[in-house]
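Along the sequence shown, residues are numbered consecutively beginning with 1. This one's a predicted model, so the numbers in the text were calculated from it and none came from an experiment.
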Amino acid sequence: MRRAVYPGSFDPVTNGHIDIIKRAASQFDEVVVAVLRNSSKSALFSAEERVNILCEVLKDMPSVSVRAFDGLTVDFVKECGAIAMIRGLRATTDFEYEMQIAHTNHELDDSIDTVFFITNLKYAYLSSSMVKEIAMYGGDISKFVPPFVEKVLLEKVQNV
């Protein structure tokens, strides 16, 4: 079985992330969406909330599972028995950053490849940070996230 891991913070998951997940699922037998518990970042949603949101949004994709993790991504990828790590690229600045991470991960474990998916042009500008900011100021985020994510994000920012 060819398994890949798509790691990220997904705070919140956007239509751009979902596009990458769907495309990765068409190339691999199984995709594990790995939600990073990162104590150095202040997330709006807890890791458990992000896992639950992703599970709801991806429930119709049987070859996709969602798990939270901490520590080194390469260790988690190996623990999952995956052969590849999925990363999305929006712009050249992403490429430079992601290339450094890919090379470092390769040095840590050369059995795991990084597979880059170029973001669909209609999502090239989209980021979770941007979506959160728009939501916090009452803007319309319906074009950027699935309806369930819109609902829980608007509830969350009203209580912040």
Among residues at least two apart in sequence or on other chains, which ones pass side chain to side chain donor-acceptor pair (under 3.5 Å) with Lys151?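 In terms of side chain to side chain donor-acceptor pair (under 3.5 Å), with neighbours along the sequence ignored, Lys151 is linked to Glu155.
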Residues forming a side chain to side chain donor-acceptor pair (under 3.5 Å) with Lys156, sequence neighbours excluded: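 Listed in chain order: Glu49.
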Quick one, Phe45 with Leu153, criterion side-chain contact (heavy atoms from CB on, under 4.5 Å). Give me CA distance, side-chain angles, the key distance, then yes/no. CA-CA 9 Å; Phe45 293 98; Leu153 179 55; 3.9 Å; yes
Is it the case that the side chain of [X] and the backbone of [Y] share a donor-acceptor pair, with hydrogens and angles ignored and the cut-off at 3.5 Å?
{"X": "His103", "Y": "Gln100", "value": "no"}
{"X": "Asp29", "Y": "Met1", "value": "no"}
{"X": "Ser128", "Y": "Pro12", "value": "yes"}
{"X": "Arg50", "Y": "Ser46", "value": "yes"}
{"X": "Asp110", "Y": "His106", "value": "no"}

Nearest heavy-atom pair of [X] and [Y]: which atoms, and what distance?
{"X": "Gly16", "Y": "Leu126", "answer": "N-CD2, 3.8 Å"}
{"X": "Ala47", "Y": "Val35", "answer": "O-CG1, 4.1 Å"}
{"X": "Phe76", "Y": "Ala34", "answer": "CE2-CB, 3.4 Å"}
{"X": "Gly88", "Y": "Thr119", "answer": "C-OG1, 4.5 Å"}
{"X": "Met61", "Y": "Ala25", "answer": "CE-CB, 4.0 Å"}

Using the salt bridge (charged side-chain N to carboxylate O under 4.0 Å, His left out) rule, take Lys143 and Glu150 through it: C-alpha gap first, then chi angles, then the decisive distance, then the call. CA-CA 9 Å; Lys143 295 182 274 195; Glu150 179 182 19; over 6 Å; no
Does one side chain, of Ser9 or Asp11, offer a donor that lies under 3.5 Å from an acceptor on the other?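 There is no such pair (donor and acceptor under 3.5 Å, judged by atom type) between the side chains of Ser9 and Asp11.
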Stepwise side-chain contact (heavy atoms from CB on, under 4.5 Å) check, Thr73 with Met85: CA-CA 9 Å; Thr73 307; Met85 187 181 314; 3.8 Å; yes
Under the side-chain contact (heavy atoms from CB on, under 4.5 Å) test, residues paired with Asp60 that sit two or more places apart: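 side-chain contact (heavy atoms from CB on, under 4.5 Å) check on Asp60 returns nothing, list empty.
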Only counting residues at least two apart or in another chain, list the ones meeting side-chain contact (heavy atoms from CB on, under 4.5 Å) with Asp94.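 For Asp94, the residues satisfying side-chain contact (heavy atoms from CB on, under 4.5 Å) (neighbours in sequence not counted) are Leu89, Arg90.
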Please go through Leu121's hydrophobic cluster and name the other residues, only I, L, V, M, F, W, Y counting, with side-chain heavy atoms under 4.5 Å joining them.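 Besides Leu121, the cluster holds no residue at all.
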Could you pull out all residues at least two apart from Arg67 that satisfy salt bridge (charged side-chain N to carboxylate O under 4.0 Å, His left out)?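 By the salt bridge (charged side-chain N to carboxylate O under 4.0 Å, His left out) rule, Arg67 matches Glu79.
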Identify whether NZ of Lys or CZ of Arg in Arg2 sits under 6.0 Å from the centre of the six-membered ring of Phe28 and within 45° of that ring's axis.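 Here Arg2 passes the 6.0 Å and 45° test against Phe28.
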Side chain to side chain contact (heavy atoms under 4.5 Å, CB included) with Ile86: which of Thr114, Val33, Ile20, Val32?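 Of the listed residues Thr114, Val33, Ile20, Val32, the side chain to side chain contact (heavy atoms under 4.5 Å, CB included) partner of Ile86 is Ile20.
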Do the side chains of Ile21 and Tyr6 get nearer than 4.5 Å, heavy atoms only?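 Tyr6 vs Ile21: side chains touch.
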4.5 Å side-chain heavy-atom contact, Phe117 and Gln27: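 Counting from C-beta outward, Phe117 and Gln27 do come under 4.5 Å.
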[atom1]/[X]: more than 12 non-hydrogen atoms of other groups inside 6.0 Å:
{"X": "Tyr125", "atom1": "OH", "value": "yes"}
{"X": "Tyr123", "atom1": "OH", "value": "yes"}
{"X": "Glu133", "atom1": "CD", "value": "no"}

Report whether Val149 and Ile134 are members of the same hydrophobic cluster (ILVMFWY, side-chain heavy atoms less than 4.5 Å apart, transitive linking).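 Yes, one cluster joins them.
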Same cluster for Ile101 and Leu72 if Ile/Leu/Val/Met/Phe/Trp/Tyr side chains link at under 4.5 Å?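 No, Ile101 and Leu72 fall in different hydrophobic clusters.
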